[in-house]
Q: 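Right, I'll just put the structure down here and ask away after.
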Number of protein chains: 2
Amino acid sequence: MSLERRTTKQKEAIRAVLATQEGPLMPDEIHAMALKAVPSLGIATVYRSLKTLQDEGMVRCVEIPGQSPRYERSDKGHHHHFLCQKCHTVFDLEKCVEGIKKLVPPGFRITDHEIILHGLCKSCV
Amino acid sequence: MSLERRTTKQKEAIRAVLATQEGPLMPDEIHAMALKAVPSLGIATVYRSLKTLQDEGMVRCVEIPGQSPRYERSDKGHHHHFLCQKCHTVFDLEKCVEGIKKLVPPGFRITDHEIILHGLCKSCV
DNA sequence: ACGATACTGATATGTCAATCTCATTAAAGA
DNA sequence: TCTTTAATGAGATTGACATATCAGTATCGT
């Protein structure tokens, strides 16, 4: 546990990648992108920084079924995701749907929901 | 690859578990349940049988974000799932929602969708 | 500029689901 | 019943991902 917290170019590079990110990214994608800014960057630092950023509440984990965890900025509002079956990129969706509550069985309490669309993205159609 | 196919009590036990299954089950859950019918049943046989049943089209894989794959009978119609955050059981939902297509961005083509609700089930509320 | 120490990078290690190996068992046609 | 060989069970192995280790580096308050 660190009481102090230092600003390093590694963490800044990772932060920068997440700041410009379109959809949620996997650790190795973040690594590859941040590598352009800090060529010596190790994958362990990516995992460490992601954990720190999560603890700080800046970043949130997004799980897509059958895939390893991805990460996105947590300042984005409520939204859902689209997985392209061809290029395997995940896109953010802006809107949500009505009537989710109608799905909940009697006696159950809903706290959250997620919708994942599958198909082909604009580039892969 | 086997040209022939034999009926064994192991496979029948696994089939029986899936026949009475309420929501999708994980391999180790199927194993634990089928163990009551065939005490010697090995986990490898569960994986092998699940693969066979998938090839035959009897069983389908269901992925819940952040969890390992679960399996359910494929004769169930279109439906979605509810994950209880307390007991981690997955329940089938009967209805679907309208307006999914409105989420799709221009130029994208949708082929499928899934909705996962999170909360507390009847027993855990 | 100095010093304490948080951070990093390379690699070893851990974790866990799923598969493979292989000797043994048992299903089913002859 | 006999024979062929598909299927099984136990344990070893794999593979993907994440964490731990530790010596060396770099930040930042003084």
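Please read all numbers here as calculations on a predicted model, not as lab measurements. A, B, ... follow the sequence lines: proteins, then strands. Residue 1 opens every chain. The figures here come from the full heavy-atom set of this structure, side chains too, leaving out hydrogens, waters and symmetry mates.
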Q: Please tell me if A:Q10 has a side-chain N or O lying less than 4.0 Å from either OP1 or OP2 of C:dG9.
A: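 For C:dG9, OP1/OP2 do have a side-chain N/O of A:Q10 under 4.0 Å.
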Q: Expressed in angstrom and rounded to an integer, what is the separation of A:K11 atom NZ from D:dT25 atom C1'?
A: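 Result: 14 Å.
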Q: Using whole Å, what does the distance between atom C1' of nucleotide C:dC7 and atom CG of A:L41 come to?
A: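 These atoms are roughly 12 Å apart.
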Q: Is any side-chain nitrogen or oxygen of A:T7 closer than 4.0 Å to OP1 or OP2 of D:dC28?
A: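 Yes.
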Q: What nucleic acid atoms does B:I43 come within less than 4.0 Å of, heavy atoms only: base, sugar-phosphate, or nothing?
A: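 The residue B:I43 makes no contact with any strand.
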Q: Between A:T45 and C:dG9, is there a side-chain N or O to OP1/OP2 distance below 4.0 Å?
A: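 A:T45 to C:dG9 OP1/OP2: side-chain N or O found under 4.0 Å.
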Q: Let me know, please, whether A:K9 or B:A44 comes out on the 5' side of the other along DNA chain C by nearest nucleotide.
A: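 Result: A:K9.
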Q: What do you reckon, are the aromatic ring centroids of A:H113 and B:H80 less than 6.0 Å apart?
A: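 Ring centres of B:H80 and A:H113 not closer than 6.0 Å.
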Q: Whole angstrom is fine here: how far is it from CG in B:L50 over to P in D:dA7?
A: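 Going from B:L50 (CG) to D:dA7 (P), I get 15 Å.
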Q: Can you tell which of A:E72, A:R70, A:E114 makes a side-chain hydrogen bond (donor to acceptor under 3.5 Å, both in side chains) with A:H81?
A: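 Testing A:H81 for a side-chain hydrogen bond (donor to acceptor under 3.5 Å, both in side chains) against A:E72, A:R70, A:E114 leaves exactly one candidate, A:E72.
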Q: Tell me what B:K51 touches on the nucleic acid: a base, only sugar-phosphate, or nothing, going by heavy atoms under 4.0 Å.
A: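 If one applies the 4.0 Å heavy-atom cut-off, B:K51 turns out to touch the sugar-phosphate alone, with no base involved.
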Q: Between A:E56 (CD) and C:dA6 (C1'), how many Å, whole number?
A: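 Distance, rounded to whole Å: 14 Å.
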Q: Could you tell me how far apart A:R5 (CZ) and D:dA26 (C1') are, to the nearest whole angstrom?
A: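 Rounded to the whole Å, the gap is 17 Å.
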Q: Between D:dA18 atom C1' and A:E63 atom CD, what is the distance in whole Å?
A: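 Value for this atom pair: 13 Å.
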Q: Between A:F108 and B:F91, how do the two ring planes meet: parallel, tilted or perpendicular, split at 30° and 60°?
A: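 Perpendicular, since the angle between the ring planes exceeds 60°.
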Q: Counting side-chain heavy atoms from C-beta on, which of C:dG9, D:dT27, C:dT21 comes nearest to B:R48?
A: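 When the side chain of B:R48 is considered, C:dT21 is the closest of C:dG9, D:dT27, C:dT21.
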Q: Counting only side-chain nitrogens and oxygens, does A:S40 get under 4.0 Å of the OP1 or OP2 atom of C:dG9?
A: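 Yes, A:S40 has a side-chain N/O under 4.0 Å of OP1/OP2 on C:dG9.
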Q: Going through the distances and angles, do B:T111 and A:Q85 end up as a side chain to side chain donor-acceptor pair (under 3.5 Å)?
A: CA-CA 9 Å; B:T111 59; A:Q85 293 162 336; 3.1 Å; yes
Q: Ignoring hydrogens and angles, are the base of C:dT5 and the side chain of A:R6 linked by a donor-acceptor pair under 3.5 Å?
A: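 Result: at least one qualifying N/O pair found.
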Q: Can you measure A:M26 atom CE to D:dA16 atom P for me and round it to whole angstrom units?
A: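 Between P of D:dA16 and CE of A:M26: 12 Å.
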Q: From the list C:dA27, C:dC7, D:dC17, which nucleotide is the closest neighbour of the side chain of A:Y47?
A: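 From the listed options, D:dC17 comes nearest.
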Q: May I ask you to decide whether B:E12 forms a salt bridge with B:R15, counting only side-chain N to carboxylate O separations under 4.0 Å?
A: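 Yes, B:E12 and B:R15 are salt-bridged.
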Q: Is the shortest side-chain N/O distance from B:T8 to OP1 or OP2 of D:dT8 below 4.0 Å?
A: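 Yes, within the criterion.
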Q: In whole angstroms, how far is the P atom of C:dA17 from the CD1 atom of B:I30?
A: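 Going from CD1 in B:I30 over to P in C:dA17 covers 14 Å.
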